[in-house]
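What follows is one structure encoded as structure tokens, with my remarks underneath.
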Amino acid sequence: MFTHGLVAACCCQDCELHSIATRFGSIAAHDRNSPDEKTGFAFVNCKVTGTGPLYVGRAMGQYSRIVYAYTYFDDLVAHGGWDDWDHVSNKNKTAFFGVYKCWGPGAAAVRGVSWARELKFDEAHPFLAKSFVNGRHWIAPWDA
């Protein structure tokens, strides 16, 4: 799976993200160019497996947002886990990359760069709530 874009907020829940990369890969690349845009990617209660190495996220835009919560990472995450894409625009100072209660042999690599945050519950909660994807009217209460 490779998810990219900027138009909306996306939440992938209870899924397996299985990499088939033969040399290198990435799970998601998010493009957000203003801190006011209500977009981003959240991966909740997922499992990351496959071949690698791979990045769990890349910053396409200056204010990219990607969060993993309650996710298992197999031992395929590239050193550092995240990429700021072009390495010249200092996106590592403005991108929001976070993890909350993740585990597995690759979880340490996801926390491998200083600008990826280990979130507290109050920081992670907005990405866990169905309001992140404006789901109050279309996600059944038992699915939230």
Side-chain angles (χ1 to χ4, degrees), residues 1-139 144:
M1 173 178 185
F2 177 72
T3 305
H4 71 285
L6 75 132
V7 178
C10 173
C11 181
C12 298
Q13 183 174 342
D14 299 323
C15 58
E16 182 169 351
L17 306 165
H18 185 79
S19 168
I20 58 169
T22 56
R23 293 186 309 156
F24 206 85
S26 181
I27 292 175
H30 183 249
D31 187 3
R32 186 171 82 134
N33 295 304
S34 164
D36 300 324
E37 292 175 20
K38 306 248 184 275
T39 65
F41 296 145
F43 297 90
V44 180
N45 199 34
C46 295
K47 185 176 181 181
V48 177
T49 62
T51 59
L54 72 114
Y55 287 122
V56 296
R58 295 190 298 192
M60 287 175 63
Q62 197 66 42
Y63 295 91
S64 299
R65 285 197 308 185
I66 303 173
V67 170
Y68 288 87
Y70 307 110
T71 294
Y72 170 85
F73 292 97
D74 209 349
D75 190 21
L76 68 144
V77 179
H79 178 72
W82 307 89
D83 185 25
D84 74 354
W85 198 284
D86 60 15
H87 305 282
V88 294
S89 58
N90 291 318
K91 292 176 191 169
N92 58 13
K93 294 182 175 139
T94 54
F96 186 93
F97 290 156
V99 294
Y100 179 69
K101 295 200 176 191
C102 295
W103 75 99
V110 175
R111 297 176 187 93
V113 293
S114 62
W115 38 278
R117 301 168 172 106
E118 180 74 36
L119 304 176
K120 294 183 168 88
F121 178 76
D122 60 324
E123 296 169 308
H125 185 263
F127 300 93
L128 306 175
K130 62 183 173 181
S131 60
F132 178 65
V133 292
N134 198 21
R136 193 178 95 210
H137 299 291
W138 62 274
I139 298 175

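One is the number of the first residue; the rest follow in order along the sequence. All values reported here derive from a predicted model rather than from experimental measurement.
Between the side chain of Arg32 and the backbone N or O of Gly40 there is no donor-acceptor pair closer than 3.5 Å. Proximity of a side-chain donor or acceptor of Thr49 to a complementary backbone N or O of His18 within less than 3.5 Å is not detected. Checking side-chain atoms of Ser64 against main-chain N and O of His30 turns up a donor-acceptor pair under 3.5 Å.
With rounding to the nearest 0.5 Å, the separation of CZ in Phe24 from CG in Asp83 is 7.0 Å. In this structure, the separation between NZ on Lys47 and CG on Asn45 is 11.5 Å, given to the nearest 0.5 Å. Considering CD of Gln62 and CG of Asp31, their distance stands at 10.5 Å, rounded to 0.5 Å. A distance of 8.0 Å separates CD in Gln13 from SG in Cys46, rounded to the nearest 0.5 Å. Within the model, atoms OH of Tyr63 and NZ of Lys91 stand 12.0 Å from one another, a figure rounded to the nearest 0.5 Å. In this structure, OG1 in Thr94 is found 9.0 Å from CG in Asp84, a value given to the nearest 0.5 Å.
The aromatic rings of Tyr68 and Phe73 lie perpendicular to each other, with more than 60° between the two planes, well past the 30° mark. In this structure, Phe127 and Phe96 have parallel ring planes: the angle between them is below the 30° cut-off, well short of the 60° mark. Between Phe97 and Trp82, the two ring planes are parallel [angle under 30°; tilted spans 30° to 60°].
Arg23 and Pro53 make their closest contact through O-CD, 3.4 Å (heavy atoms, listed as atom of the first residue, atom of the second, distance). Of all the heavy atoms in Val48 and Thr71, the pair that sits closest is CG2-CG2, 4.0 Å. Taking both residues in full, the closest heavy atoms of Val113 and Gly80 are given as CG1-O, 3.5 Å, listed atom of the first, atom of the second, then distance. Residue Ala69 comes nearest to Leu128 through the heavy atom pair CB-CD2, 3.4 Å, listed as atom of the first residue, atom of the second, then distance. For the pair Gly104 and Tyr72, the tightest heavy-atom approach, listed with the atom from each and the gap, is CA-CE1, 3.6 Å. In plain terms, the two heavy atoms of Lys101 and Trp103 that are nearest each other are O-CE3, 3.7 Å.
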For this session: Go through the steps to decide whether Ile66 and Val56 satisfy the test side-chain contact (heavy atoms from CB on, under 4.5 Å), and finish with yes or no.
Result: CA-CA 9 Å; Ile66 303 173; Val56 296; over 6 Å; no
Problem set entry | Val110 vs Cys102, side-chain contact (heavy atoms from CB on, under 4.5 Å): CA-CA, chis, key distance, verdict | CA-CA 9 Å; Val110 175; Cys102 295; over 6 Å; no
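The shortest side-chain heavy-atom distance between Leu54 and Ile27 falls under the 4.5 Å cut-off.
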